[in-house]
Every structure is written in C-alpha cells, then in structure tokens.
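In each ligand, atom 1 is the first atom listed, and ligand 1 is the first ligand listed.
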Amino acid sequence: MSMNTQGRPTSAGDAGEAFRPKTFTGNRALDMEEPLIFEFGRLDVTGVDLDEPEDFVPELGGHERKDALELPGLAEPEAMRHYVRLSRNNYAIDSGLYPLGSCTMKHNPRLNEKMARLPGFGDIHPLQPLSTVKGAVELIDQLSHWLMTLTGTSAVAMSPKAGAHGELCGMMAIKAAHTAAGRDPKIVLVPESAHGTNPATAALLGYKVVNIDARDEDGTVDLDALKRTIAEHQGNIAAIMLTNPNTCGLFERDIIEIAAAIHAADAYFYCDGANFNAIVGKARPGDLGVDAMHINLHKTFSTPHGGGGPGSGPVVLSDRLAPFAPLPFIRKGENGPVLVETAAGTVEGEKPFGRMTAFHGQMGMYVRALSYMLSHGSDGLRQASEDAVLNANYVRVGLQDLMSLPFGERPCMHEVLFDDTFLKDTGVTTLDFAKAMIDEGYHPMTMYFPLVVHGAMLIEPTESESRAALDLFIATMRDLVMSAKRGETARFSGAPYYSPRRRLDETKAARSPILKWTEPEPAEVTPVAAE
Ligand SMILES: *Cc1c(COP(=O)(O)O)cnc(C)c1O
C-alpha cells in the first residue's frame, strides 16, 4: 500500500485492485454516467417562477407559437449539476498537456479573463450608440495596430470569426483586387501539405485548385515545381495559399523566391497564419512578401479555443489589398479612430468588397488578445515563440531514437512531425497509439495530418509546458513505444480502457449523426389476465 508523507494511504493496494465492484448507479466514484437532459428533464418544470402576464396582447401578427415548446425543464441546482458533470468528461488545456499539432493549445492566462470581464468591455452590446463605446473602438484599433506591427502589414480586417473564415475574407479581398484590375484568373495554387481549409476556401470561391508538389526530402514547397506550374498556367493564377512554417513544422526556406515568383505572375500570396506562434517577434510575414494572412487569435494570442465557439481570425493585408478590406473597418480620424460601417461612409481609395459578419467581431477575444500582447511586451512575445520552438525540439530529441522522423534529425519549428515507420510490424496503428495515450491521461497529438507523411503524428507542446511536464510526456511516450515494440498489442487495440466511452464509430458519427432526440418506445407490459 502506498502512503503519502503524512502516512496516509494513497491507494488501496493490491487487494483493492483485485476487487472491482459493479456499482448500483453505474457511476465510478466521481466519474458519473450522465443521462441526456431529455431523459430526465420534465416538461412542467422551470428554474424561474414568472407571473402570468396580465392583459397581454400578442404583437406577433398571428405568428405566435400555438403548441407547447416541449423543452425539458430542470430546477437550477439540477441544471448546474447536469452541465458540470458533462464538463468533467471534457479534456481541456486547463486539465493537462494538449499536444494537438497545428492547433497551438496554449495556456489562456487568467489576466485575459479578468480584463474581458471588466463591465466596460463585458457588458456592451453591438447595437449601442458608438458614442457610448469609444473605449471599445479604441481597443480594437490598438489591437489592429499591434497585429499590423507584428506582421509588417498595413491593414487588417478584424471581423472574421475564425482562421477558416479569415481565409475566406483574405481570398475575397484577393478576388476583388483582381476584378478591380480587370482580371479574372481561375486557379489557386495549394501545396500538398496544406490544411484542408485552404483548398476548401479556394473551391468555395469558384477557383480551381492546383497542387504543388513537396520536396521528398523535407516536405517544403519544391520551387522548381512551383515555377513550372506557374509557367504552365501563366496569366490564370489568382493566388498561392501557403502555410509558413508549414504543417510539417518546417520553415519554408524559399519563401522570398516563392513570393517573387507569385508576384511576377500577377498573383497574390495568401499565407495561412495558423503557425504564426513559431515566428512572432522573429520574422514579419509582410517582409517575406505575404499579401494576406489570417491570425487565429485562439492559437497565437492565447484566447480560448471555444469548441467551435467564439474564435477570432483577423486578416492582415498588404498595401495592395488594403483598399478592399471588408466593412466594418476602423479609419484613423482627427479625433481618434472612426468606425466605418457602410459603403456610404467610405472615402476615395476605400473599396470594401462587402461585409462578412453582422457586427464588428468578437469583442471578448479582442480584449483577451490585447491583454496577452501588452502583458508580454515585445520581448515576452519573442520569448514565447522561442520557447514554443525549444519545447518542440526538446520533445523531438527526447523521442527521435525510438520514433521515426520522416525528414531526418533536423531542428523543427514549433511542432514535431513523426510518421508511423517505427510501428512497422507491431500491429499497432497511429490511431491505436493515440487511443493508448488517452489511457495515460493525455489528449492525443494530431493524427494522419499532414497527408504528406504516412500515419502522421504531429506534436505541438507549446511554450506553456514546463520541463518537468515535457519529461513526463516523453517518458510516457517512450513507455508506449517500447510496449508496442514488445508486442503488447492489447494495450493499444482495445484502448482507451479507462475513458467514459471506449472507441466510437467516428465515421458513422460524422456521416449519420442523430441530432434529434426521440422518446424511446415504452417497454411492453404483459397484461395480467383477469380471473
Ligand atoms: C487551425 C488551422 C486552420 C483553421 O483555423 P480555424 O481557426 O480552426 O478556423 C487553418 N490552417 C491551419 C494550418 C490550421 O492549423
């Protein structure tokens, strides 16, 4: 039996291991089996008591609902418990290391949260008169200033709600610029290692996507292949969409030549800025020839990843694209920043391509991102990038003798990419390996992306992790690799063993999701025959 330093037992010892009772509730200690709200909510219950309205005349012109809403009701403490219990099944950056490559799952500093909750920021409404929210406009302007400063660009569209939305915004600005110049090119070039959102964005705007081959030895863009493709489609190329550092965690070393070749072809350089965390304070994309780049505030600037929720993906723009930035935007005025909300409010030289969102963007995320920037300062931001790169290389060096690096033992940027060569003949796949990491209490790394390497495992520890945390992670990974190599396949093929749910049919969940709850058929009751 283990004891802590005060002599208190910390585990039940071997006897406890052997006997695992089946519990009456199905709960396992604090690990609760939580039903759906529809299964235990009651239609006649609500958390608040409201008086029946008196002399009430509906003003909905006959569109008011006639039948009951049939939403399950809970008392306040029941609602509280339901969601808290569900939340305990979540893995979060606040519960442990989250090495999901390309996603930059870094710590969200609590100072940011405190600033975002200040009533002057937290309680404002987008329909409030501008004269009452001058401070908020000023804050958006300051954040814009630092985004442009850090990227070496001259304009920024703040409203996009996520990286992918920013891609759409940047590519729409590029399309508008071509149209304004009387051109109508049909092709967007996308390297093999690109994130799926890049070709999806191009296709959504009606462009044909042409792939650029990667160099076999390191996964970067093959400059000669790029030049050949440009020559082949001369005059018909709208843009290249390139991630730098790329999704293999490597800096595109020919980026200046790539930009020059693209510009010489009258095309624009869209940079996917998802990996900006690796180079903040070290390199400015504007200096590298980038015309447009989204910045995922929820990656590089530490705002929370909201489970698809409140993201923010501002797009910085070069001089050439700046006139086409969408509404609303902020213009420097004599008496401070002015918010331009409609085409009627534009002046000579401003040619917004339209509007992407109803309002001005995600105020709460702007406050958090600016709080992060100002509390770090330029030296702190540079150190964060350096530490992110250092941590990724620490993991690489700690694992490279046992796992396989597709492009050899060279330094990486902020994430390290392994392939599945080291699992050859073990019967364990990348997926199995990731599931076994869950049993060890880790969120898996990004798997099977980028597509340029077989069975990819992309690990991004970020700068948030201490050396001790990285050492434990490396030791755990080494234990798993040795176990796979020893042929202990059951540890992997059945994993995860300890999570509330085991392996789910992810394909079925994606292809035929059941989004509506239907009451199960009542159980059949056999009537007792009367005498
Ligand atoms: C995260 C990511 C995106 C998309 O960003 P979202 O904010 O999730 O929409 C695009 N490209 C790359 C390389 C990414 O890692």
Side-chain angles (χ1 to χ4, degrees), residues 93 98-106 108 147 157-172 188 190-205 209 212 214 219-221 239-252 255 269-280 285 290 292-316 356-357 361-362 364-366 368-369 388 392 412-417 443-453 456-462:
I93 187 63
Y98 207 132
L100 195 63
S102 209
C103 296
T104 312
M105 305 299 290
K106 61 163 81 174
N108 313 137
L147 291 175
M158 293 300 291
S159 63
K161 300 283 198 270
H165 201 207
E167 284 176 38
L168 186 67
C169 176
M171 292 302 291
M172 285 173 86
V188 169
V190 179
E192 274 185 321
S193 60
H195 193 262
T197 50
N198 297 180
T201 299
L204 191 68
L205 290 175
V209 174
I212 304 292
T220 57
V221 168
I240 188 170
M241 297 184 81
L242 181 80
T243 313
N244 194 29
N246 70 16
T247 58
C248 302
L250 301 173
F251 194 86
E252 291 284 350
I255 187 141
F269 182 175
Y270 186 91
C271 182
D272 179 329
N275 293 340
F276 192 40
N277 200 42
I279 57 169
V280 177
V290 167
M293 182 179 95
H294 70 257
I295 300 169
N296 315 63
L297 295 187
H298 47 286
K299 293 179 180 172
T300 308
F301 294 105
S302 85
T303 72
H305 286 61
S312 186
V315 190
V316 289
M356 306 264 320
T357 62
Q362 302 283 23
M365 298 304 128
Y366 298 160
R368 288 173 175 86
C412 57
M413 296 296 290
H414 63 305
E415 52 193 353
V416 52
L417 176 63
H443 191 288
M445 64 266 149
T446 291
M447 312 177 274
Y448 301 105
F449 171 81
L451 305 177
V452 281
V453 311
M457 303 184 193
L458 185 63
I459 300 178
E460 180 181 7
T462 83

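Residues T201 and E167 have side chains that bring a donor and an acceptor to within less than 3.5 angstrom of each other.
In this structure, T303 contributes its side chain and R368 its backbone to no donor-acceptor pair below 3.5 Å.
Each of S102, A162, G163, A164, E167, H195, T197, D272, A274, N296, H298, K299 has a non-hydrogen atom positioned under 4.0 Å from some atom of ligand 1.
In terms of the salt bridge (charged side-chain N to carboxylate O under 4.0 Å, His left out) criterion, residue partners of K106 (sequence neighbours excluded) are, by chain and number, E463. D272 is linked by a side-chain hydrogen bond (donor to acceptor under 3.5 Å, both in side chains) to N198, H294, counting only residues two or more places apart in sequence or in another chain. Considering only residues two or more places apart in sequence or on other chains, S102 meets the side chain to side chain contact (heavy atoms under 4.5 Å, CB included) condition with N275, E415, F449, L458.
Separation of atoms CE (M293) and CG (L242) is listed at 11.5 Å; rounding is to 0.5 Å.
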